[in-house]
Amino acid sequence: MTMVADDIQNLEARHVLQTYRRQPIALVRGQGVRLFDSEGREYIDLLSGIGVSALGYGHEGLTRAITEQAQTLLHTSNLFYHPLQGQLAARLTNLSGLERAFFCNSGTEANEACLKFARRYWHTLGEARPEIIALEESFHGRTMGALSVTSDEHYRTPFEPLMPGVKWISASKPQAVLDAVTNKTAAIILEPIQGEGGVRPLTPAFAAAVNEASQRTGALIIADEVQSGCGRTGYPFYSAVIGLKPHLMALGKALGAGVPVGAALVSSEVATKIMAGDHGTTYGGNLLACRAALCLIDELIGGGLLSHVGRIGQHFDRKLQELKAKHACITDVRGAGVMRGIELDRDAAAIVPAGLKRGVIVNRTAENVIRLLPPFVITEADLDEGLARLDQALGDITA
Ligand SMILES: *Cc1c(COP(=O)(O)O)cnc(C)c1O
């Protein structure tokens, strides 16, 4: 059964580098939390383009803001000032407590920037700090630096040798952090909720050990909030929820609500060690990107979206507990806000096509986990309908 319009699929098969395994549908339109494919079928989106489309589709405020920006000015490069970068940086400082922002275009670039800034910090201080500590089950992106601190062997092996000096520790052992971090450690990089690794929140005990190890040795803490940040958990950033005190933070995914934008936030202590010319990007922080991110932050704070995610998150939690009680194949449900994982006692790959047949978009990660990252704007009614479809799909794959 080919479900996608043949011409779309055939053209790609001839000309697009085959790095992705796509589902056999082509999405052509969205409205609210619903997506429509080339054959006119409707899906409830519980994934938002892997945690990106925070405001759903066809959002009035975002559409107006980026249309207006396109009519005014899209891009200037970083050779000149424009009015929006400073505004966005100030908003991000208010939310994170980190004083300065560097803008880029993706999550992996944000991590790349954080790694470079950590190295630069120690270089400026004249101290040799060759090591980075990273976590098992981590994902930080696909460029060479970010890949070097990403744990999955399948992603890493074909591209070795990677950046040297990376040491791996388990997120379930606070003592491992205390043992591994020394005065040779430049930085510890970690996701407050490990996303690709199976939606695994770090514990406050682990965060406390990271803080302690950092205070003892001076090692910097890099929080990769690309997936868990920008309101997805009902809080601006999940670091604060578990008590983690990062010096650097990587942002991406939901930040531009669909417009590509990433950011590396740094403390003033780190910022003073970074000089003009140390890092840069042509597109980074252009007007379109900043306008979209400002729109998201306006919605989160002024528009009440952050508290909406908090409320929806509680409802989500109850619904997932019900689902777990109903399906024996569910071994655990985890997460916060609208970032949730459903762990199965088996490989979860079959849930994706089964979901599409039932009209719901979900994702599988870490082999046996169904990952749900719906748009922040989802209502209880739409979430219930999406989860009812997932419930049917679970029945289909276990029947
Ligand atoms: C998605 C993700 C990245 C990579 O972001 P890209 O925009 O795909 O480069 C990095 N870290 C985490 C935690 C992510 O979820």
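First listed ligand is number 1; within each ligand, the first listed atom is number 1. Every heavy atom of this structure was used, including side-chain atoms; hydrogens, water molecules and symmetry mates were not.
- Each of the following atoms of ligand 1 lies closer than 4.0 Å to a heavy atom of S106: 7 (O), 9 (O).
- The side chain of E191, and not its backbone, has at least one atom closer than 4.0 Å to an atom of ligand 1 (non-hydrogen atoms only; side chain from C-beta on).
- Close approach to K253 involves these atoms of ligand 1, each under 4.0 Å from a residue heavy atom: 1 (C), 2 (C), 3 (C), 14 (C), 15 (O).
- Taking any N or O of G107, backbone or side chain, at least one lies under 3.5 Å from an N or O belonging to ligand 1.
- Every atom of ligand 1 is numbered from 1 in the order shown, and the set under 4.0 Å from a heavy atom of N111 is 10 (C), 11 (N).
- Side-chain contact of Q194 with R200: a donor-acceptor pair under 3.5 Å is absent, judged by distance alone.
- Taking the ring centroids of H308 and F376, they lie at or beyond the 6.0 Å cut-off.
- At a threshold of 4.0 Å, the pair E131-K184 does not count as salt-bridged, since none of the basic side-chain nitrogens sits closer than that to a carboxylate oxygen.
- Heavy atoms from other residues, nucleotides or ligands lying under 6.0 Å from CZ of R119 number 12 at most.
- Taking the ring centre of Y57 as origin, the terminal cationic atom of R34 falls outside the region bounded by 6.0 Å and 45° from the ring axis.
- No side-chain donor-acceptor contact under 3.5 Å links Q215 and N211.
- Each of the atoms 4 (C), 5 (O), 6 (P), 9 (O) of ligand 1 lies under 4.0 Å from some heavy atom of T108.
- Within ligand 1, the atoms closer than 4.0 Å to a non-hydrogen atom of D224 are 10 (C), 11 (N), 12 (C), 13 (C), numbered from 1 in the order shown.
- Within the 4.0 Å cut-off (strictly below), no protein heavy atom is located near atom 8 (O) of ligand 1.
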